[in-house]
Structures are given as C-alpha cells and as structure tokens.
> 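Pasting a structure below so you can have a look.
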Protein chains: 2
Amino acid sequence: MSAMDEPVPRVPANRPGGRARAADVAAAARVSIATVSLVANGKAAGRVSMQTQARVEQVIEQLGYVADPAARSLVTGRRQCIALLAHDITNPFISLIAAGVTRAVGTGTQLLLASAGADVRPDLARIAAFGVDGILVDHPASEHVAGLGVPVVHLDDPDADESLPRAYFDLAPGGALLAGHLAGLGHRRLLYLDATRPWATFARRRTHLLTGLSKLAPDTIVTPARSDIDIDTTRQLVRRTWPRWRVDGVTAIVTATDVQAFGVLAGLADLGVSVPGQVSVASFDSVPFAQLTAPPLTAVALPAEQLGHTSATLLLALIDGRELGSRVQVIPSSLDVRSSTGPAVTR
Amino acid sequence: MSAMDEPVPRVPANRPGGRARAADVAAAARVSIATVSLVANGKAAGRVSMQTQARVEQVIEQLGYVADPAARSLVTGRRQCIALLAHDITNPFISLIAAGVTRAVGTGTQLLLASAGADVRPDLARIAAFGVDGILVDHPASEHVAGLGVPVVHLDDPDADESLPRAYFDLAPGGALLAGHLAGLGHRRLLYLDATRPWATFARRRTHLLTGLSKLAPDTIVTPARSDIDIDTTRQLVRRTWPRWRVDGVTAIVTATDVQAFGVLAGLADLGVSVPGQVSVASFDSVPFAQLTAPPLTAVALPAEQLGHTSATLLLALIDGRELGSRVQVIPSSLDVRSSTGPAVTR
DNA sequence: CTGTTAGCGCTTTCAA
DNA sequence: TTGAAAGCGCTAACAG
C-alpha cells in the first residue's frame with residue numbers, strides 16, 4: 001500500500017483567518033510548501049513525482065487553496081491587473097473601449113476602472129501607486145506619465161510623443177469621406193460643434209473634415225461652436241442658438257462626438273426642425289445607439305471596441321517585455337452613411 | 001546646529017528596481033523604517049517628535065515614496081479595492097451602476113470591473129481569489145457566494161436570501177403605474193417581451209405589471225415572448241414576429257429592459273409600423289437614451305446610478321465592520337411617461 | 001525528486 | 001521618542 005492510497009489527513013480548511021494557506025496544504029499532503037508552490041503554479045512537470053503531484057492537487061482542490069495574491073505579488077512583482085483611466089464610463093464610446101479591453105485581457109488579468117476628474121496627474125499617480133502592471137490612458141497629456149514605473153499605453157491620442165506606446169484612429173479617411181459626402185450633397189455652410197476638452201483627437205477630427213471640405217469645395221464656410229460632451233448641455237445649446245445658425249444659412253451640423261449629436265437631434269426635435277429636411281446632422285464615433293436615433297445618424301465610424309482590444313493587447317505585450325510589432329497601433333476610420341444627412345436646402 | 005539644519009543626505013531615488021522603498025526614506029532621513037511607516041501612515045502624532053516627523057515627510061516628498069501596496073496588503077489584509085461583477089459593461093444600465101459605484105468609493109478605494117460570462121461561479125471565485133475587500137454582484141444566484149471570505153452585496157436581486165446584504169428596486173410602484181397607464185389607454189391585448197436570463201428582477205418586473213393589469217382590467221390578455229438583452233436580436237425578432245402579434249390584436253408591447261425596447265422600436269421602424277399610432281411600446285429601466293428614441297420611450301424608471309451608489313456604500317460599511325442601518329436597501333421605482341405609448345387602436 | 005532557506009517591503013508589537 | 005525584530009504568505013535559488 002503506497003502513500004497515495006492512504007487517506008489524506010483532514011486539516012481544517014476553515015481556519016479562523018479564512019482561506020487555507022500553502023502551509024495547510026503542505027501539512028495535509030505531507031510535503032513542503034515549496035512543493036505546494038510548484039504544483040499550484042503548474043511548474044511541477046519533471047520536478048515533482050506524479051504521485052506527489054496528484055496528492056497535492058487533491059488537497060488543493062479539497063481545501064480550495066488559492067495563493068494569496070498579495071504575497072505572490074510581493075515576491076514576483078506582478079499584480080495581474082491593469083487599469084483603464086477614462087473620464088466617463090457612462091459615455092457609450094468609453095464603455096465600448098472597456099468592453100474591448102475586457103476581451104483582450106482574458107481571465108488572467110483583472111481590469112481596474114479609474115474615472116479621472118478634471119485633473120489627470122493625481123489620478124495617474126494614484127493608480128500607479130495602487131499597484132497595477134500597466135495603465136491604459138484615454139487622453140490626458142503625455143507629459144504626466146514619465147517616471148510612473150509602469151508601462152502606459154495612450155488611447156486615441158494622435159499627437160502623443162512619438163516615443164510613447166499608443167493606439168489611435170487614423171481620422172483621415174473618415175474625415176475625408178464625411179467631407180466628400182457633405183460637399184456632394186451641396187452643403188456649403190456648416191456648423192462644427194467641437195468638444196470643449198482640448199484633446200488632440202478632437203483637433204484632428206475637426207481639421208480632417210475642414211481640410212477635406214476646403215479641398216472639395218473651397219467656398220465652404222464653417223461656423224465654429226463648442227459644447228461639453230453631454231446630451232443635455234448640447235440640447236439646450238441647440239435650442240438657444242439654432243435660430244441664429246439658421247439665419248446664418250447653416251445647412252448641416254457636424255459634431256465632434258455622437259453624444260453631442262444626440263443632443264443636437266433632441267434639441268432640433270424640440271424645436272420642430274426636421275432632419276435632414278431642414279438641416280443635416282453628422283458626427284464622429286458611430287456608437288451602436290447612433291442607428292437608433294430619429295433619424296439614424298450619419299457618422300464617421302471609430303471602432304472603439306477594437307481600440308480597447310488593440311491597446312490592451314499592446315499593453316500586455318509591453319508588460320511581458322515582448323516587443324511584438326509596433327508600439328504604435330493605428331486603426332482606420334470609415335463612414336457610416338445613415339439618414340440624418342441629405343441634400344442641402346436653400347431657403 | 002541641530003540635526004534638522006543639516007542637509008538631507010541624497011539617496012538615489014531611482015534605484016534600479018524602480019520606486020523608492022521605506023528603507024531608502026529611512027536612510028535619507030536617518031531614522032528607522034518603523035518611523036517611516038509611522039509617519040507615512042499618519043500615525044506619528046505623539047509618537048514621533050515634530051522634528052523627525054518633518055524631516056521624514058520632506059524625504060518622502062522628495063523621493064516620491066509610496067508604500068508598496070502588495071507589501072502593505074500582506075500585513076494588513078486590506079486591498080483597498082472592491083469589484084463589480086456584471087455581465088455587459090456596454091449595457092447603459094450597467095454603466096450607470098458603475099458610475100454610481102465610482103462616486104461612492106472615492107479615491108481611497110479602487111474599482112475592479114469584472115465581466116462575467118454565462119457561468120457565474122468561476123468568476124466570483126476568481127475575483128475573490130484575486131484579492132478584493134468586497135464584491136458587488138449584479139445578479140448571479142446567491143448560493144455561490146458562501147465561503148468566499150469577503151463581504152458581498154447583491155444588486156437588483158429582490159429574491160436573494162433574506163440574510164444577504166443587498167440593494168434592489170421596489171418594482172411595485174413602477175409596475176402598478178405602468179399597468180394603470182396602459183389600462184387607462186385602453187390596452188387589453190399586450191405582448192410582454194421578457195429577458196431570457198432567469199433572474200428574479202425580471203420575474204418581478206413581469207409579475208408586478210401583470211398583477212396590476214389583472215386588477216385594473218381583468219379581461220386583459222398578455223402574450224409572452226422573450227429575447228436576449230441585445231438590440232439587434234430583438235430587432236430581428238420583431239421583424240419576424242410582428243405580423244403574427246398584429247393578427248393576434250396586440251396593441252402594446254412591453255419589454256423587460258430598455259435595450260430590448262430599443263430593438264423593438266428599431267424593428268417596428270424597419271417595418272414601417274408607427275408608434276404609438278399602430279402599437280404602443282414601453283419598458284423597464286429608463287436609461288438616459290430612452291428620451292432620445294423615436295418616439296421617446298415610456299418606461300418604468302429604475303435609478304441605476306443610485307443603485308450603484310447605495311450598494312457600494314453598503315459594501316464599504318460592511319468591509320469596515322460598521323453596521324450602519326439596514327443590510328437591505330430598497331430603492332423605489334416610478335414611471336416616466338413619454339410618447340411611445342398612446343391610446344389602444346382597434347382595427 | 002524534494003526540502004531548506006532566504007528574502008519580497010511593509011506594519012506592528014515590544015524594548016530601550 | 002525611537003529602533004530592533006518578528007512575521008504577513010509566498011516564490012525561487014540552492015542543496016541534498
């Protein structure tokens with residue numbers, strides 16, 4: 001009768017403290033805790049006999065043993081956790097990014113969701129101090145990330161320092177497509193509703209559209225405006241200001257984000273203005289909900305889920321020290337033509 | 001000349017490893033690491049002289065010292081982190097919950113976002129094993145939480161075991177209000193589009209509506225249907241099945257969630273069916289987007305942000321061992337009447 | 001193949 | 001008022 005056949009000594013799994021520790025498993029399996037560690041981490045192949053391995057595994061199962069992550073982190077230096085620093089999780093564009101990140105990290109790594117305030121620095125530092133293996137940053141200025149001690153990947157920040165790992169959208173195709181679409185419909189008097197946040201992506205969205213427009217129809221006049229990325233704020237703005245824009249002969253409104261376009265559509269509906277009958281509306285982002293507005297929204301498609309997935313994959317590679325491909329991932333944009341845009345109307 | 005006046009010895013802040021450790025601070029300030037710990041944790045009052053304290057604080061600032069969280073966790077047992085286990089972060093209802101949680105936890109605690117798969121148990125165990133101080137669970141069966149070793153608060157699970165800490169909506173008022181609204185508009189033939197997930201909240205949503213209806217208009221007939229909580233799936237279902245429902249004389253469709261109602265609205269629009277002209281539509285949740293659909297959606301209002309905030313506050317209290325008020329928080333529901341519901345039409 | 005040993009960086013008694 | 005020392009639970013060299 002070998003050791004394997006003997007009943008495994010029962011050791012109280014529920015010690016006062018709570019979970020079982022490696023020492024408990026070791027005692028129950030009559031091995032050293034080093035062996036337990038080897039088996040628990042799947043490093044037993046060729047180093048521990050099959051018998052011992054089986055016995056330890058059984059006890060681990062029985063006791064529900066899981067290595068204390070804090071203790072493991074202390075020695076390995078790894079946290080098995082990355083953070084996503086974003087400004088507003090209720091923004092569907094951000095939710096989509098988060099979903100992409102979730103898909104990329106799998107089950108081995110956890111995702112910390114950090115909502116930033118207006119100021120970015122303290123949050124970044126706090127997250128780094130909390131202890132994560134890497135950080136995905138949606139937007140803040142790149143200057144703050146130096147000396148954080150962990151890899152950082154910047155999201156949707158086309159103007160970030162060349163040397164910084166990042167994933168962003170190539171806004172050129174989408175911007176040009178939208179310009180062509182609008183110019184083709186005869187729009188020569190536009191209103192561009194920018195975001196108030198001074199982010200590079202918004203500058204790019206604007207300039208790509210304007211450049212395209214001035215190339216295709218140099219006589220186009222674009223009135224600038226701006227608002228927060230908030231449905232209600234934008235809605236109020238439109239209700240207040242549409243009469244003026246109308247007098248100016250605006251035939252199309254383009255917004256920097258879908259959320260703002262939602263507000264524009266709502267404000268216009270409040271006013272009884274028909275879209276695209278009296279004015280066309282288009283935007284950047286094209287989140288799923290953009291198909292459901294009345295009318296469905298024409299928008300430059302920015303695949304946010306893909307951005308999340310790509311950036312997280314890059315970050316994971318950086319963390320592992322793998323240098324797979326480029327540290328800069330560019331994701332193409334396109335145009336989703338729906339029915340919120342139509343021929344320019346002249347009154 | 002006292003020790004305080006002497007220049008603080010320069011110790012390389014950027015050691016090969018990365019961040020400064022307590023030992024670096026101790027060496028630079030010429031104190032023991034025990035003293036550094038005391039000062040860093042604000043426990044120096046009365047135990048360390050003002051002079052020493054000031055000197056240590058200065059060095060901490062200089063070196064940018066932050067205690068290693070893994071090391072601290074190992075000894076304190078606290079992780080300063082809670083997890084939110086939910087199924088789909090792109091669902092706006094979940095995003096709202098997450099926003100509420102974020103608001104509640106403040107800066108001292110971090111939020112782990114865990115997306116569950118179809119199976120709940122492994123995820124819960126994995127999160128607990130990862131090391132968090134507590135878990136917010138959106139939905140799964142309560143049986144799986146026993147012996148996790150950390151406090152768990154159940155969200156929106158009205159039928160959870162009495163003894164379990166939880167926060168949920170009282171669906172009675174909203175359900176009754178919707179029943180009254182619909183009955184008052186003359187609807188006697190309804191389609192109820194339930195969710196496929198077998199969750200208590202969905203059973204409650206349905207029964208509260210049906211109970212109200214049978215009380216106010218006992219002759220009401222309700223046809224049951226179900227779909228996943230996904231816009232496109234629901235949209236297809238409606239496109240396929242509306243003709244049959246129409247033949248059955250259905251004058252109103254009520255869905256278990258906003259997301260499903262979005263799909264219904266889209267499907268109906270595809271079919272050219274006017275809402276509420278030919279059929280009324282209503283749902284449960286009332287997320288912000290519900291105001292933006294065409295037409296704006298009548299919905300039972302379930303304050304998700306508040307649910308997130310309340311449940312997180314409860315969890316934090318549980319973690320701290322504070323027993324403030326009840327372990328069961330009930331949040332009232334109401335009805336947002338918008339224009340997707342109108343008088344029942346008889347053909 | 002298995003066990004012994006030396007820390008990872010920190011908090012916390014307990015002495016001095 | 002300060003410091004020495006004992007771990008927290010684990011991993012990873014290194015012996016045997």
Side-chain angles (χ1 to χ4, degrees), chain A residues 2-4 15-27 29-57 59-60 63-80 129-131 133 149, chain B residues 2-4 11 15-27 29-57 59-60 63-80 129-131 149:
Chain A
S2 77
M4 208 182 157
R15 47 203 318 283
R19 347 195 315 190
R21 301 158 315 159
D24 297 327
V25 177
R30 281 172 274 110
V31 295
S32 72
I33 63 169
T35 302
V36 173
S37 176
L38 249 22
V39 174
N41 291 307
K43 294 179 182 171
R47 323 233 307 89
V48 178
S49 74
M50 299 294 262
Q51 293 200 358
T52 308
Q53 203 169 319
R55 192 151 32 94
V56 173
E57 272 164 359
V59 175
I60 284 177
L63 264 38
Y65 170 73
V66 183
D68 182 315
R72 166 183 284 154
S73 287
L74 187 58
V75 43
T76 63
R78 273 294 203 310
R79 297 296 147 69
Q80 310 296 2
F130 171 78
D133 295 330
Chain B
S2 77
M4 205 181 157
V11 163
R15 49 206 316 282
R19 346 194 316 191
R21 300 160 315 160
D24 298 326
V25 177
R30 282 172 274 111
V31 295
S32 72
I33 63 169
T35 303
V36 173
S37 176
L38 250 21
V39 174
N41 292 305
K43 295 179 181 172
R47 325 237 302 89
V48 178
S49 74
M50 299 293 264
Q51 293 199 1
T52 308
Q53 202 168 318
R55 190 151 34 92
V56 173
E57 272 164 358
V59 176
I60 284 177
L63 264 38
Y65 170 74
V66 184
D68 182 313
R72 166 181 283 155
S73 286
L74 188 56
V75 43
T76 63
R78 272 295 203 304
R79 297 297 146 68
Q80 311 295 0
F130 171 78

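Since the structure is predicted, the reported quantities are computational estimates derived from the model, not experimental observations. Naming convention: chains lettered A, B, ... in sequence-line order (proteins, then strands); numbering from 1 in each chain.
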> Pick base, sugar-phosphate or nothing for Val36(A), based on heavy-atom distances below 4.0 Å to the nucleic acid.
nothing

> Taking only N and O in the side chain of Thr76(A), is any of them less than 4.0 Å away from OP1 or OP2 of dA12(D)?
no

> Could you state the CZ-P distance from Arg78(A) to dG9(D), rounded to the nearest angstrom?
24 Å

> Using every non-hydrogen atom in the two residues, find where Arg72(A) and Asn41(A) come nearest and quote the distance to one decimal.
NH2-OD1, 2.7 Å

> Among the candidates dT4(C), dG9(C), dC10(D), find the nucleotide nearest to the side-chain atoms of Ala34(A).
dT4(C)

> Heavy-atom nearest nucleotide on DNA chain C for Arg47(B) versus Ala71(B): which residue maps closer to 5'?
Ala71(B)

> Taking CE from Met50(B) and P from dT1(D), how many angstroms apart are they, rounded to a whole number?
10 Å

> From CD1 of Ile60(B) over to C1' of dC10(C), roughly how many Å is that when rounded to an integer?
13 Å

> Mind checking the CG-CD1 spacing from Asp24(A) to Ile60(A)? Nearest 0.5 Å is all I need.
12.0 Å

> Are Gln53(B) and Thr35(B) side-chain neighbours, meaning at least one heavy-atom pair lies under 4.5 Å?
no

> Do the side-chain N or O atoms of Arg72(A) get closer than 4.0 angstrom to the phosphate oxygens (OP1, OP2) of dT11(D)?
yes

> Compare every heavy atom of Ala26(B) with every heavy atom of Ser32(B), then report the nearest pair and how far apart it is.
C-CB, 3.8 Å

> When you measure from the side chain of Val48(A), which nucleotide among dT2(C), dG9(C), dT11(C) comes out closest?
dT2(C)

> Side chains of Pro69(A) and Arg79(B), heavy atoms from C-beta outward: is any pair under 4.5 Å?
yes

> OP1 or OP2 of dG9(C) versus the side-chain N and O atoms of Tyr65(B): is any pair under 4.0 Å?
no

> Select one nucleotide: of dG3(D), dC1(C), dC10(C), the one nearest the side-chain heavy atoms of Ser49(A).
dC1(C)

> Starting at atom CG of Asp24(A), determine the distance to atom C1' of dG9(D), rounded to an integer number of angstrom.
11 Å

> Quick one: Gln51(A) CD to dC1(C) P, roughly how many Å, whole number?
11 Å

> Quick check on the helix from dC1(C)-dG16(D) to dA16(C)-dT1(D): what's the angle between its two end axes, five base pairs per end, to the nearest 10°?
40°

> Decide yes or no for Ser73(B) and Gln80(B): does some side-chain heavy atom of the first lie under 4.5 Å from some side-chain heavy atom of the second?
no

> Of Ile33(A) and Gly46(A), whose closest DNA chain C nucleotide lies nearer the 5' terminus?
Gly46(A)

> Output the rounded distance in Å from CG (Leu38(B)) to C1' (dC14(C)).
13 Å

> Under 4.0 Å: is that the gap between some side-chain N or O of Lys43(B) and OP1 or OP2 of dT12(C)?
yes

> For Thr52(B) and Ala40(A), find the nucleotide of DNA chain D closest to each by heavy atoms; which residue's nucleotide sits nearer the 5' end?
Thr52(B)

> Given dT11(D), dT12(C), dG3(D), which nucleotide is nearest the side-chain atoms of Ser37(B)?
dT12(C)

> Evaluate Arg21(A) against Ile33(A) for side-chain contact (heavy atoms from CB on, under 4.5 Å), listing each step before the verdict.
CA-CA 9 Å; Arg21(A) 301 158 315 159; Ile33(A) 63 169; over 6 Å; no

> Does dG3(D) have OP1 or OP2 under 4.0 Å away from a side-chain N or O of Thr35(B)?
yes

> If you look at every heavy atom in Val36(A) and Ala22(A), which pair is closest and at what distance?
CG2-O, 4.0 Å

> For Leu74(A) and dC8(D), give me the distance from atom CG to atom P, rounded to whole Å.
13 Å

> What is the distance from CZ of Arg30(B) to P of dT2(D), rounded to the nearest Å?
13 Å

